[in-house]
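Scroll down for the structure; my scribbles are underneath it.
Quick note: numbers below take in every heavy atom, side chains included, and nothing from hydrogens, waters or symmetry partners. When a ligand or atom number is given, it counts from 1 through the structure's own listing order. The chain is numbered in sequence order, starting from 1.
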Amino acid sequence: MKRSTGQDRTRTSTWRNATRAVRGGTWRSEQGETSEAIFLTSGYSYDDAATPAARFAGQEPGMTYSRTQNPSVAMLEERIALMEGAEACRAQASGMAAMTAVMLATLSAGDHMVVARAAFGPTRWVTDNLLPRFGIACTPVDGRDIDQWQAAIRPETKLFFFETPANPTMDVVDIAAVSALAKRHGILTCVDNAFATSAMQRPLEHGADIVAYAATKLMDGQGRVLAGAVCGSAEYINGTLLPYQRNTGPTLSPFAAWVVLKGLETLELRARAQAANALEVGHFLEARVPQILHPGLDSHPQRALIERQMILPGSIFSFEVDGGREAAHALLDALELIDISNNIGDTKTLITHPASTTHSSLTPQVRADMGVSEGMLRISVGLEDPADLMEDLDRALRTVGL
Ligand SMILES: *Cc1c(COP(=O)(O)O)cnc(C)c1O
């Protein structure tokens, strides 16, 4: 394997982000292939007995076993780290593997964390059901309110965790303010950046310590594989996360890593085009529905913060219809082009009813606390012509009298 320019930190550090997305992390074999290779291997062989001994002792770089390292996965990790502006990155088997890895690797029995309550459903299941079984306490707060973060701090608080914008309410958390508060108390801050990606928002630049990803979403971008990633300082990734990961095994497959590597090459283009489409569809819907929660529209109550913090306002937003679950389901059933799907970040426009799908495992009380109403729909806008999307929505809105 040859290091290409994509592996040379002195070269890549001067590249802009779009260049890093296409070339960052590329290694080349002796064949000189232009596209990154897929190394479907679980193990590695060595020329002599001293080599694995040196690698296991950490005295020599090199692969030993694909639970810990694999060339295709390493290329993806290097590329994501470069795009994120992070010292290091570790890929994970899924987004939830990434979120769980951060929490379990960082926290011990007796520790406490604070989580923004408007989080991804399974994330709340981990904080509310799994962590308490191991003696880790968690306080949910309204992530928009800095006083609630402050008030939740205890002497044993070790981690702040939030998503921004949050799924599906589009609550935006002030990354700089919350991270600064955490730093003053020796607390680590982790941002689940799945809705934005580095093309739309770069949390480390605003003071966050850790960025966790569902690469399943916009990074792959074409709805093909599950993948996750955790980015941070070399000390955190290699010292805290890696011992957990190499011994418990939430490892990404080389094939999935390769798919995401190829997805990243078009991330900037897709992010720009999908954000523009989402804005157009958002303007159209705003005139038709009683409520819309869209980070790109002036009606979003946190517009000033969004302008400060986000490069682009994203491709995902939510809106409400009168008539609760029945009307929301009727609207979905009337769509002909837009797919009913709880996935997001695809080139295909997808729409879901969070209360009966992604957030159905939560109690009605937790859903109400998070602001997930029965009439809420969440849409992830893709790359189709927005005129076709608006025609489809127009027809469906009429069937529910809007
Ligand atoms: C999808 C998603 C996850 C989980 O990712 P998976 O790859 O499905 O496990 C976590 N956080 C957010 C914000 C997501 O959208």
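Listed by chain and number, the residues in a ring-ring contact (aromatic ring centres under 6.0 Å, His included) with His329 are His353 (sequence neighbours excluded).
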Decide side-chain contact (heavy atoms from CB on, under 4.5 Å) for Leu297 and Phe317; before the verdict, give the C-alpha distance in whole Å, the side-chain angles of both, and the deciding distance to 0.1 Å. CA-CA 10 Å; Leu297 294 178; Phe317 65 91; over 6 Å; no
Would you please test Arg117 and Asp171 for salt bridge (Lys or Arg N to Asp or Glu O under 4.0 Å) and show each step? CA-CA 10 Å; Arg117 67 189 180 195; Asp171 288 357; 5.9 Å; no
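In terms of protein heavy atoms, atom 4 (C) of ligand 1 is closest to Phe120 CE2, 3.3 Å. The shortest contact between atom 8 (O) of ligand 1 and any protein heavy atom is with Leu226 CD2, 4.1 Å. Atom 13 (C) of ligand 1 has its closest protein heavy atom at Asp192 OD2, 3.3 Å. Nearest to atom 2 (C) of ligand 1 among the protein's heavy atoms is Lys217 NZ, 2.5 Å.
The number of heavy-atom neighbours closer than 6.0 Å to OH of Tyr65, taken from other residues, nucleotides and ligands shown, is 12 or below. Shown here is Lys348, whose NZ atom has no more than 12 heavy atoms of other residues, nucleotides or ligands within 6.0 Å.
Heavy-atom contacts of Ile344 reach the following atoms of ligand 1: 15 (O) (cutoff under 4.0 Å). Under a 4.0 Å criterion applied to the non-hydrogen atoms of Ala194, ligand 1 contributes the atoms 12 (C), 13 (C). Near Met96, with a cut-off below 4.0 Å to any heavy atom, the atoms of ligand 1 are 4 (C), 5 (O), 6 (P), 9 (O). Near Thr216, meaning under 4.0 Å from any of its heavy atoms, are these atoms of ligand 1: 6 (P), 7 (O).
Considering Ala166, Ala93, Gly95 only, the shortest heavy-atom separation from atom 6 (P) of ligand 1 involves Gly95.
Relative orientation of the Phe160 and Trp149 rings is tilted, given thresholds of 30° and 60° on the angle between their planes.
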